[in-house]
S.K.: 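Pasting a structure here, questions to come.
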Amino acid sequence: MRYGLSASRGRLNLAVRSALTGSILAAAGRPVDAPVAAAQPTGDELLARLRSCEPGAVAALFDRYNAHVERVLTRILGLDPEVPDLAQEVFLQAIRGIDRVRGDAGVLRSWLTTIAAYTARHHIRRRASRQWLRPTAPQELPEQIASTAGPDVVEALGRVRRLLERLPVDERIAFALRFLDGMELTEVAGACEVSLATIKRRLQKARERFERLAAQDPILRGWQAEGSP
């Protein structure tokens, strides 16, 4: 099985995005999307209960959106062992700032996405300042990946993740949300708290930087060639 990079448009194609997100999350034992139980409150009810500090509201928020928050964090950070703790931090910040949420329950997901992106940015910078940041070597990926993908795919995943870690933090976050998580441009702009024009420029820079880095890698350079029309 081959997963290629499209050099013509400078973005990961659907196959690579699937490998970097769905497959990795499944290998890590994390749900991609958790179904909402029928007994859970509606979105509007949940938001009202959160604003009223009713018992059980925080647990209901966590149950409904934890899979989404962990997915966003994993798209940006990769298989970081601190993702569960960071997700908890996201929810704590959300609860503390729930009075700042404006609008109906539909904003809860985007509100949590914005906090998750901010939390991931802070985590990356904190690791870098303490020299904790180091690329994930191919052999450090979960063993389950090897059972569903060949060694070349495992190797490539590690290489792609290393390239992403070399992007400036704001470009890395935008790139991950857009090309790995598949968010719409307006969603990415909202999560990064910038204008649509700014996020387009940021994504263009990230894409071009990623292409240049990939062209220097003997493995990914070959895949770029295969992905070209």
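The first residue in the sequence is number 1, and the count goes up from there.
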S.K.: Could you give the distance from CG (Leu46) to CD (Glu54), rounded to the nearest 0.5 Å?
M.R.: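 If I round to the nearest 0.5 Å, the distance is 10.0 Å.
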S.K.: Between atom CG of Leu108 and atom NE2 of His68, what is the distance when rounded to the nearest 0.5 Å?
M.R.: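 Reported to 0.5 Å precision, the distance equals 10.5 Å.
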S.K.: I'd like to know if Arg71 and Asp181 make a salt bridge, using a cut-off of under 4.0 Å between side-chain N and carboxylate O.
M.R.: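 Judged by the 4.0 Å cut-off on N to carboxylate O distance, Arg71 and Asp181 do form a salt bridge.
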S.K.: Linking I/L/V/M/F/W/Y whenever any side-chain heavy atoms sit under 4.5 Å apart, do Leu196 and Val188 land together?
M.R.: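 In one cluster: yes.
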S.K.: Could you pull out the closest heavy-atom pair between Val90 and Ala116, with the gap in Å?
M.R.: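 Closest approach of Val90 to Ala116, heavy atoms only: CG2-CA, 3.7 Å.
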S.K.: In the structure I gave you, are the side-chain heavy atoms of Leu203 and Leu185 within less than 4.5 Å of one another anywhere?
M.R.: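 With C-beta onward as the side chain, the pair touches.
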S.K.: Are the side chains of Leu73 and Glu82 in contact, using a 4.5 Å heavy-atom criterion?
M.R.: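 Not touching, per the 4.5 Å side-chain cut-off.
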S.K.: In Å, rounded to the nearest 0.5 Å, how long is the span from CG of Leu213 to CG of Leu167?
M.R.: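 Going from the CG atom of Leu213 to the CG atom of Leu167 covers 6.5 Å.
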S.K.: Look at the side chain of Arg51 and the backbone N and O of Val101, then say whether any donor-acceptor pair between them is shorter than 3.5 Å.
M.R.: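 Yes, because the side chain of Arg51 sits within donor-acceptor range (under 3.5 Å) of the backbone of Val101.
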S.K.: Out of curiosity, Leu92 CG to Leu86 CG, how far, rounded to the nearest 0.5 Å?
M.R.: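 That separation rounds to 11.5 Å.
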S.K.: Picking from Leu77, Leu177, Leu180, what satisfies side-chain contact (heavy atoms from CB on, under 4.5 Å) with Val72?
M.R.: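 Considering Leu77, Leu177, Leu180, a side-chain contact (heavy atoms from CB on, under 4.5 Å) with Val72 is found only for Leu177.
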S.K.: Using side-chain heavy atoms (C-beta onward) and a distance below 4.5 Å, is Phe91 in contact with Tyr65?
M.R.: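 A side-chain contact exists here, since the closest heavy-atom pair is under 4.5 Å.
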S.K.: Short question: side chain of Arg75, backbone of Ala176 - any donor-acceptor pair under 3.5 Å?
M.R.: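 It does not hold such a pair.
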S.K.: What are the two closest non-hydrogen atoms of Phe175 and Ala206, and how far apart are they?
M.R.: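 Heavy atoms of Phe175 and Ala206 come nearest at CD1-CB, 4.0 Å.
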S.K.: Taking all non-hydrogen atoms of both residues, which atom of Ile76 and which atom of Arg161 are closest, and how far apart?
M.R.: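 Minimum heavy-atom contact is O-NH1, 3.4 Å.
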S.K.: Hey, are the side chains of Leu61 and Ile95 touching, using non-hydrogen atoms and a 4.5 Å cut-off?
M.R.: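 Side-chain contact under 4.5 Å: yes.
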S.K.: Taking the side chain from Ser52 and the backbone from Arg49, do they hold a donor-acceptor pair closer than 3.5 Å?
M.R.: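 No, the answer is negative, given that no donor and acceptor are paired below the 3.5 Å cut-off.
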S.K.: Please tell me if the side chains of Ile199 and Cys192 come closer than 4.5 Å, counting only heavy atoms from C-beta onward.
M.R.: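 Yes, their side chains come closer than 4.5 Å.
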S.K.: Do we see a donor-acceptor contact under 3.5 Å between the side chains of Ser110 and Thr113?
M.R.: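 Checked: Ser110/Thr113 side chains show no N/O donor-acceptor pair below 3.5 Å.
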S.K.: With a 4.5 Å heavy-atom cut-off, do Ser195 and Lys200 have their side chains touching?
M.R.: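 Sidechains of Lys200 and Ser195: no contact.
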S.K.: Is the side chain of Glu171 donor-acceptor paired with the backbone N or O of Pro168 at a distance under 3.5 Å, no angle test?
M.R.: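 Checking the backbone N and O of Pro168 against the side chain of Glu171, no donor-acceptor pair under 3.5 Å is found.
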S.K.: Just so I know, are the side chains of Ile124 and Glu165 near enough to count as touching, which here means a heavy-atom distance under 4.5 Å?
M.R.: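 No, side chains not in contact.
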S.K.: Anything under 30° is parallel, anything over 60° is perpendicular, the rest tilted; go ahead and classify His122 against Tyr118.
M.R.: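 His122 vs Tyr118 ring planes: parallel.
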S.K.: Judged by atom type as modelled, is there a donor-acceptor pair below 3.5 Å linking the side chain of Arg172 to the main-chain atoms of Arg166?
M.R.: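 It does not hold such a pair.
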S.K.: Stepwise, does the side chain to side chain contact (heavy atoms under 4.5 Å, CB included) test hold for Arg159 with Leu163?
M.R.: CA-CA 6 Å; Arg159 288 172 181 263; Leu163 293 193; 5.7 Å; no
S.K.: Atom CD of Gln93 and atom OG1 of Thr114: how far apart are they, to the nearest 0.5 Å?
M.R.: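 That separation rounds to 11.5 Å.
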S.K.: What is the minimum heavy-atom distance between Asn66 and Ala87, and which atoms define it?
M.R.: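 Closest pair (atom of Asn66, atom of Ala87, distance): OD1-CB, 3.9 Å.
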S.K.: Does some side-chain heavy atom of Phe62 sit less than 4.5 Å from a side-chain heavy atom of Gln88?
M.R.: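 They are in side-chain contact.
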S.K.: Is a side-chain donor or acceptor of Thr74 paired with a backbone partner of Glu70 at a separation under 3.5 angstrom?
M.R.: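 Indeed, once roles are kept as given, a pair shorter than 3.5 Å links the two residues.
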